[in-house]
Trainee: 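One structure, pasted below without further comment.
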Amino acid sequence: MLTSGRGGWDWIVTKFRDPVPNGLSPNWINIFELTTRQERQFGTR
């Protein structure tokens with residue numbers, strides 16, 4: 001969990017669970033605003 005992150009919100013980080021497409025990093029992550037999970041970001045670690 002990231003507290004007081006972007007926008008002052010708390011965020012939760014999870015590993016991407018779907019099969020990773022060829023050519024993409026296997027370390028793909030989803031980042032969701034913790035309260036409503038309406039705001040999302042994606043990235044690699």
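The structure presented is a predicted model; accordingly, all values stated were derived computationally and were not measured.
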Trainee: With sequence neighbours left out, which residue pairs that include part of residues 23-36 fulfil the salt bridge (charged side-chain N to carboxylate O under 4.0 Å, His left out) condition?
Mentor: none

Trainee: Within the structure provided, determine whether Thr14 and Phe32 are in side-chain contact (heavy-atom separation under 4.5 Å).
Mentor: yes

Trainee: Nearest 0.5 Å please: distance from the CD1 atom of Ile12 over to the CD1 atom of Ile29.
Mentor: 12.0 Å

Trainee: Write out all pairs satisfying salt bridge (charged side-chain N to carboxylate O under 4.0 Å, His left out) with one or both partners inside residues 2-13, taking only residues at least two apart or from two chains.
Mentor: Arg6-Glu39

Trainee: Out of Ile31, Leu34, Thr3, Thr35, which residue meets the side chain to side chain contact (heavy atoms under 4.5 Å, CB included) rule with Trp11?
Mentor: Ile31

